[in-house]
Amino acid sequence: MTPFGTIELTVYPYECDAFGHLNQAALLTLLERARWDALARGPGMDLFERNGVWPAVRKATIEYRAPAFARDVLRVETTVAGRGTTSMTLRHVVRRVSDDAAVAEAEMVFVCIDRLGRATPVPEEIARFLGPRASGGHQPIRVPAGDIELAVDVRGEGVPVLFVHGFPFDRTMWRHQLAMLSRVRRIAPDFRGVGDSGVPAAADGYSLTRYADDLVAVLDALGVRQAVLCGLSMGGYVIFEVLRQHPERVRAMILADTKPQADSAEAKRGREELTQVAEQQGQDAVIERLLPRLLASATQATQPEVAGQVRDMARRWSVPGLVGALRMLRDRPDSSETLRGVRVPTLVLVGSDDEIAPPDTARAMSQLIPEAQFHVVPTAGHISPLEQPLATSRLLSDFLRALP
């Protein structure tokens, strides 16, 4: 199932701190030993060298579960969680052999660089070793929602968190949070007409109320009475409608890169123009118009694979889904008064370089909600969970841990 074999490693005394615990830096070294040992048993330690590239760590996140001590034997299982054009994401699960206790979980993103330090596409031999690209992880379950079925990614146990994607993305925009937030129950649906979800037969099957009812249908199907609702952009607008129609289902909120205002007259005209583009030219034309404003300039310069992921997500929208969502976005109401009535814990996040829902707008929105927390995610545009997954996931994790 994975190109990396399971590796068992002994914890040495020099890797432990003064209290005898395996220290954090040594754990990272241990994971590196496991990766190189796995390469030595497979294609060879010189796999990267002979292809003229090097796997440079760009991001890493670790969840520590239990202490490890000198002379413990740890089993490291490594899987390929994702692969982009120039990057790969590896997931490590570390367990103690003697009692099978979970010691740590880690997710690490590597970028292939050439000898000049430039990001370069993953060479063919390495791509073959890593295996085919994953489209977003676990196989979704199917949930009936009125006239269609929704595809829903469900993982883990704990406080239920419903992740609601934006436009024109799908549930895989939350790929990093679904992998990292292991202490909560992660629930991520595709909207109707998007990704693996069904496409309504009727052209009018895309109202704001319908989207909100779909989220409630997902919670009902999973037996969840209340959930933390986490939405980005359009996902936030749908959460506002859930607040109006089904407030009893909301335990807490996370609002990322979204805003309460309705579209201006100019914005409505832009929606109409984009609707015509969708109908006449399809998904690729829509995303090429939107992409320059979706990502921070730093993301576009240093993370080209993220732009590729955004294109891939947009291509998984049906044309009726694009048209229906654009008309819903055009006609959505102002939600400022709705937010003034919120009485649940709320976290507001925004990318520092978000042009669509800028930091000042997000800060003003947070001030509408009693005791809401507000944070700016540095060097992120309109898709902070995908552009800066470690920073975003840490803020989400801290917020979720503090819930009563």
Side-chain angles (χ1 to χ4, degrees), residues 135-156 159-175 177-178 184-256 258 278 283 313-333 335 338:
S135 62
H138 297 198
Q139 289 298 312
I141 65 170
R142 313 296 300 184
V143 170
D147 52 343
I148 49 95
E149 285 189 339
L150 299 173
V152 186
D153 197 342
V154 183
R155 309 189 197 183
V159 174
V161 183
L162 182 61
F163 291 90
V164 191
H165 67 78
F167 177 91
F169 320 127
D170 64 12
R171 71 181 192 277
T172 66
M173 65 151 284
W174 301 106
R175 66 190 71 193
Q177 290 69 44
L178 296 179
V184 298
R185 188 180 188 191
R186 291 93 74 200
I187 305 166
D190 282 335
F191 277 131
R192 53 180 47 222
V194 180
D196 295 314
S197 290
V199 179
D204 60 353
Y206 295 95
S207 71
L208 185 57
T209 299
R210 182 68 266 177
Y211 285 120
D213 288 345
D214 285 350
L215 296 186
V216 173
V218 169
L219 297 180
D220 287 343
L222 298 175
V224 175
R225 180 180 172 273
Q226 276 194 325
V228 180
L229 269 54
C230 174
L232 180 138
S233 193
M234 172 180 162
Y237 308 152
V238 178
I239 289 174
F240 301 157
E241 185 67 10
V242 174
L243 284 172
R244 287 186 283 267
Q245 303 296 332
H246 310 279
E248 73 284 355
R249 309 306 293 267
V250 183
R251 176 175 177 177
M253 291 193 306
I254 301 168
L255 303 175
T258 191
Q283 299 92 329
M313 288 189 289
R315 291 177 183 131
R316 290 195 282 269
W317 282 65
S318 65
V319 171
L322 286 171
V323 171
L326 282 165
R327 289 174 176 161
M328 180 279 288
L329 293 169
R330 176 197 64 191
D331 297 335
R332 74 184 190 280
S335 295
T338 300

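Owing to the predicted nature of the structure, the values given are computational and were not obtained by experimental measurement.
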*Is there side-chain contact between Asp153 and Phe163, with at least one heavy-atom pair below 4.5 Å?*
no

*Heavy atoms, side chains only, cut-off 4.5 Å: are Arg185 and Val224 in contact?*
yes

*Between Asp220 and Arg249, what is the shortest heavy-atom contact and its length?*
OD1-NH2, 2.8 Å

*Within the distance-only criterion (no hydrogens, no angle test), does the side chain of Ser318 pair as donor or acceptor with the backbone N or O of Gly321 below 3.5 angstrom?*
yes

_Applying side-chain contact (heavy atoms from CB on, under 4.5 Å) to Arg316 and Thr172, what does each step give before you reach the verdict?_
CA-CA 11 Å; Arg316 290 195 282 269; Thr172 66; 3.2 Å; yes

*Compare all side-chain heavy atoms of Pro189 with those of Leu162 and state whether any distance is below 4.5 angstrom.*
yes

*Between atom CZ of Phe167 and atom CG of Leu326, what is the distance when rounded to the nearest 0.5 Å?*
3.5 Å

*Do side-chain atoms of Arg327 reach the backbone of Gly324 as a donor and acceptor pair under 3.5 angstrom?*
no

*Do you know which two heavy atoms are closest between Thr258 and Gly236, and how far apart they sit?*
OG1-CA, 3.8 Å

*Listed once per pair and sorted, the ring pair (Phe, Tyr, Trp, His ring centres under 6.0 Å) pairs that draw on residues 188-227, sequence neighbours left out*: His165-Phe191, Phe191-Tyr211

_Checking the side chain of Arg142 only, and the main-chain atoms of Pro140 only, is there a donor and an acceptor separated by less than 3.5 Å?_
no

*asked:* Once rounded to the nearest 0.5 Å, what's the spacing between atom CZ of Arg192 and atom CD1 of Ile148?
replied: 4.0 Å

*Search all heavy atoms of Thr209 against all heavy atoms of Glu241 and return the closest pair with its distance.*
OG1-OE2, 3.2 Å

*Hey, could you give me the CG/CZ distance between Leu232 and Phe169, rounded to the nearest 0.5 Å?*
6.5 Å

*Is the shortest heavy-atom distance from the side chain of His246 to the side chain of Leu215 under 4.5 Å?*
no

*Any donor and acceptor pair, going by atom type alone, linking the side chain of Gln283 with main-chain N or O of Trp317 inside 3.5 Å?*
yes

*Nearest non-hydrogen partners of Ala145 and Asp214, listed with the distance*: CB-OD1, 3.5 Å

*With distance as the sole test, does Asp170 use its side chain to make a donor-acceptor pair with the main-chain N or O of Asp190 at under 3.5 Å?*
no

*Does any N or O in the side chain of Arg210 come within less than 3.5 Å of the main-chain N or O of Gly205, such that one atom is a donor and the other an acceptor?*
no

*Find the distance between CZ (Arg244) and CG (Leu208) and round it off to the nearest 0.5 Å.*
6.0 Å

*If you look at every heavy atom in Val143 and Ala217, which pair is closest and at what distance?*
CG1-O, 3.8 Å

_Walk me through whether Val216 and Gln245 qualify under side-chain contact (heavy atoms from CB on, under 4.5 Å)._
CA-CA 10 Å; Val216 173; Gln245 303 296 332; over 6 Å; no

*Interatomic distance, Arg186 atom CZ to Arg171 atom CZ [nearest 0.5 angstrom]*: 14.0 Å

_Measuring from atom CD1 of Ile239 to atom OG1 of Thr338, what distance do you get when rounded to the nearest 0.5 angstrom?_
13.0 Å

*Please tell me if the side chains of Met234 and Met328 come closer than 4.5 Å, counting only heavy atoms from C-beta onward.*
yes

*asked:* If you compare all heavy atoms of Cys230 against all heavy atoms of Val161, which two are closest, and at what distance to 0.1 Å?
replied: CB-CG1, 4.2 Å

*Tell me, do Val164 and Val242 make a side-chain contact under 4.5 Å, heavy atoms counted?*
no

